[in-house]
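Quantities reported herein were computed from a predicted structural model and do not represent experimental measurements.
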Amino acid sequence: HYTFFPGSPRWPDSKRDLTYAFWPGNNLTTEAKSVFTRAFDRWSTVIPMTFAETDSFTIADIRIGFFSGDHGDGEPFDGVLGTLAHAFSPPSGRFHLDGDENWVVSGDISDSSIISAVDLESVAVHEIGHLLGLGHSSVEDAIMYPTIPSRTRKVELAQDDIDGVQQLY
Ligand code: TQI
Ligand code: ZN
Ligand code: ZN
C-alpha cells in the first residue's frame, strides 16, 4: 500500500502547472532530457497537473541535476550503485541523481553488458513520485516500492501508485 511523507505534504492547489529545469552544468543530451519528459508524462496522465521544461533554473519548481559524491546538501552520493538518486517532499522540488551511475538512457537495459547499469527512466518515475509527495509502497509492483531488481526497467505506474497520487491531487 502507498504512503505519504509525514504530514502529507503536497504541492498547493495554486500550483498545478509545475516547471522543471536541468542544472546547466550537466549539459544533458536531448535524449536524456526526453527521458525525464516521458517520466513526468506518466504522472500527469493520472492527476490534474502539468509539467513543462523551463530554461530558467532559478525560477523552476523542480530542479534536476546529476552530481557526484558530496554536492553540498548534506546527503552525499556514494559512487556506483548504493544510492542512485534522491528527491525531496513538496514543495522542495530538489531532484538529484548520482553522476557516478552507469545510467542507461535508451535501449534495453537487459541487453547492457555493464553489470551496474541503471535504467534512468525507472529511477526518474520513482523520484517524481517522491517530488509529488508519495513515500514508499509495500506493493511490489508499485513504482514506489523501495527496491528494484538490478538491471530492470520498471516505468509503468501500478494501480497502487495511481490511487496514492490521486488521493493527494
Ligand atoms: N534513493 C532512495 C529512494 O529514492 C532515497 C531514499 C531512501 C528515500 N529512503 C527514502 C526517499 C525515503 C524518500 C523516502 O528511495 S535510491 C530506487 C528503487 C532509489 C531506489 O537511490 O535508493 C529507485 C532511487 F526503488 F529502485 F530501489 C530510485 Cl527506483
Ligand atoms: Zn542531493
Ligand atoms: Zn524511494
Which pair of non-hydrogen atoms, one from [X] and one from [Y], has the smallest distance, and what is that distance?
X	Y	value
D119	I109	N-CD1, 3.2 Å
E75	H86	O-CE1, 3.1 Å
F36	F22	CD1-CE2, 3.5 Å
P48	Y169	CD-O, 3.9 Å

**Report entry** Residue that, paired with H130, satisfies ring pair (Phe, Tyr, Trp, His ring centres under 6.0 Å) out of F5, F88, F4
**Finding:** F5
Query - Steps toward side-chain contact (heavy atoms from CB on, under 4.5 Å) verdict (W103, F66) - result: CA-CA 11 Å; W103 295 107; F66 288 80; 3.5 Å; yes
Within the distance-only criterion (no hydrogens, no angle test), does the side chain of [X] pair as donor or acceptor with the backbone N or O of [Y] below 3.5 angstrom?
X	Y	answer
N102	S116	no
D160	A142	no
R63	F57	yes
E121	V35	no

Query raised in the report: With a 4.5 Å limit on heavy-atom distance, are the side chains of Y2 and D161 in contact?
Result: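 Of all side-chain heavy-atom pairs linking D161 with Y2, none is under 4.5 Å.
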Query - Aromatic contact, H1 with H136 (centres under 6.0 Å) - result: no
**Report entry** Sub-6.0 Å ring centroid separation between F67 and F77
**Finding:** no
